[in-house]
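Heavy atoms only: backbone and side chains are in, while hydrogens, waters and symmetry mates are out. On a predicted model such as this, the values are computed, not experimentally measured, just so you know.
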Amino acid sequence: MIGRTLAWWLACWRQAISRDLQFRTQTILIALGAVVDVAISLVPALVLAQTARTAESGWDESTAVLVVGLFTLTTALLDTVVGPNLLRLDAAVRTGELDLLLIRPIPAFFALTLRWIRPAEATRLLVGAALVLGALSMIDEPPSLGAILGCLLLMVLGTGAWTLFWINASFLSFWWASAEPVQEIIGALREAGQYPRAAFRRLPLLGFTTLVPALLLATLPAQVLLGGDLDMPLLGGALVVSAGSLVTAVHWRLALRRYDSASS
């Protein structure tokens with residue numbers, strides 16, 4: 001089953017790349033739009049850094065650029081692989097497209113959440129990497145190997161945690177007549193992940209690392225990369241992913257029971 005699912009997903013990648021190569025102009029426009037979005041997202045972070053710059057909080061221009069760079073890396077991965085599917089999930093439930101996925105010889109959950117891919121969004125990975133390298137060049141002391149590995153591990157956990165949160169929010173399509181407005185709310189909440197930790201008080205910090213784990217995408221990984229404590233963020237990220245996995249498994253089973261074939 002695992003080999004069959006992997007072969008199917010590789011075929012999805014080949015099809016997506018072939019599709020983007022056929023529509024080169026659209027692909028270039030998507031890539032340029034992604035770069036513009038990153039540039040725009042830098043503006044509020046830099047403004048806040050300049051107006052609230054304090055050595056005690058560790059909030060300065062280099063930190064703001066670093067967080068936006070890491071945020072760009074994680075969201076580029078999400079928007080390449082996960083986003084195209086969850087944005088279509090509401091229509092799949094309403095139109096009966098899910099019926100075709102349920103009868104395929106691969107797990108329907110993976111078919112519903114991973115079949116559509118947008119390779120053009122991956123160009124933001126280059127932009128994010130450039131921002132991270134630029135921010136690190138402005139820091140006096142380079143990060144240690146342990147800090148880099150800890151940052152990457154926390155980013156993996158953060159990406160997984162946000163994916164699970166996004167999936168569960170999108171599953172509201174099974175319960176509501178239309179859950180499309182939910183995607184706009186998800187996008188707005190995700191933007192919180194591009195600001196340094198100093199921008200959040202205690203309650204917002206707790207909420208954006210547990211219930212809505214946006215700060216696990218870049219804010220806390222940036223803190224670890226700059227020499228911050230790794231143990232608590234790592235433990236918290238692992239707990240959020242574990243709880244999110246359990247909730248998602250239960251929610252998926254309940255959603256399938258709720259689902260009434262739209263094509264029948």
Side-chain angles (χ1 to χ4, degrees), residues 34-79 123-162 165 187-238 240:
V35 174
V36 172
D37 287 341
V38 173
I40 293 175
S41 66
L42 273 173
V43 175
L46 291 176
V47 170
L48 288 173
Q50 292 173 356
T51 57
R53 191 174 191 272
T54 59
E56 293 78 9
S57 66
W59 186 348
D60 54 21
E61 290 80 0
S62 60
T63 304
V65 174
L66 177 62
V67 175
V68 172
L70 295 178
F71 181 78
T72 302
L73 291 175
T74 53
T75 55
L77 181 60
L78 287 167
D79 292 341
T123 56
R124 288 164 51 200
L125 292 171
L126 300 177
V127 180
L131 290 176
V132 171
L133 293 176
L136 293 178
S137 68
M138 296 186 288
I139 299 175
D140 296 333
E141 184 177 353
S144 64
L145 178 60
I148 295 174
L149 295 177
C151 173
L152 293 175
L153 180 57
L154 194 56
M155 287 175 66
V156 171
L157 288 174
T159 303
W162 185 262
F165 168 74
L189 291 173
R190 194 176 74 172
E191 294 301 310
Q194 62 182 337
Y195 298 107
R197 180 173 177 173
F200 300 91
R201 299 295 181 180
R202 182 173 299 178
L203 287 180
L205 180 65
L206 179 63
F208 279 111
T209 53
T210 54
L211 299 177
V212 183
L215 299 190
L216 293 177
L217 291 171
T219 302
L220 296 185
Q223 177 182 321
V224 171
L225 187 61
L226 294 175
D229 178 59
L230 173 62
D231 295 338
M232 289 305 296
L234 191 60
L235 177 61
V240 170

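- Closest non-hydrogen pair, Cys151 versus Pro221, comes out as SG-O, 3.4 Å.
- Atoms CG and CG, from Leu235 and Asp229 in turn, are 10.5 Å apart once rounded to the nearest 0.5 Å.
- We find the CG-OG1 distance between Leu154 and Thr219 to be 10.0 Å, quoted to the nearest 0.5 Å.
- Summarising the geometry, atom CG belonging to Leu66 is positioned 11.5 Å from atom CD belonging to Gln223; distances are rounded to the nearest 0.5 Å.
- Within a 6.0 Å sphere centred on CZ of Arg197, other residues, nucleotides and ligands contribute 12 heavy atoms or fewer.
- Here Glu191 contributes atom CD and Thr75 contributes atom OG1; the two are 8.0 Å apart, rounded to the nearest 0.5 Å.
- Of the residues listed (Leu73, Val127, Leu131), the one engaging Val68 in a side-chain contact (heavy atoms from CB on, under 4.5 Å) is Leu131, and it is the only one.
- Across all their heavy atoms, Gly193 and Ala218 have their closest contact at O-CB, 3.6 Å.
- For Gly237 against Leu216, the heavy-atom pair with the smallest separation is CA-CD1, 4.2 Å.
- Of all the heavy atoms in Ala135 and Val65, the pair that sits closest is CB-CG1, 3.9 Å.
- Atom OG1 of Thr210 sits about 9.0 Å away from atom CG of Leu205, to the nearest 0.5 Å.
- Taking CG from Leu157 and CG from Leu152, the interatomic distance works out to 11.5 Å, rounded to the nearest 0.5 Å.
- Residue Thr74 forms a side-chain contact (heavy atoms from CB on, under 4.5 Å) with just one option from Thr159, Asp79, Leu125, and that option is Thr159.
- In this structure, Leu217 and Leu78 have side chains that are in contact, with non-hydrogen atoms separated by less than 4.5 Å.
- The side-chain contact (heavy atoms from CB on, under 4.5 Å) test with Leu136 singles out one residue from Ser62, Pro143, Pro142, and that residue is Pro143.
- Smallest separation of non-hydrogen atoms from Thr209 and Leu206: OG1-O, 3.0 Å.
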Would you sort out whether Val212 and Phe165 count as a side-chain contact (heavy atoms from CB on, under 4.5 Å), showing the intermediate values? CA-CA 7 Å; Val212 183; Phe165 168 74; 4.0 Å; yes
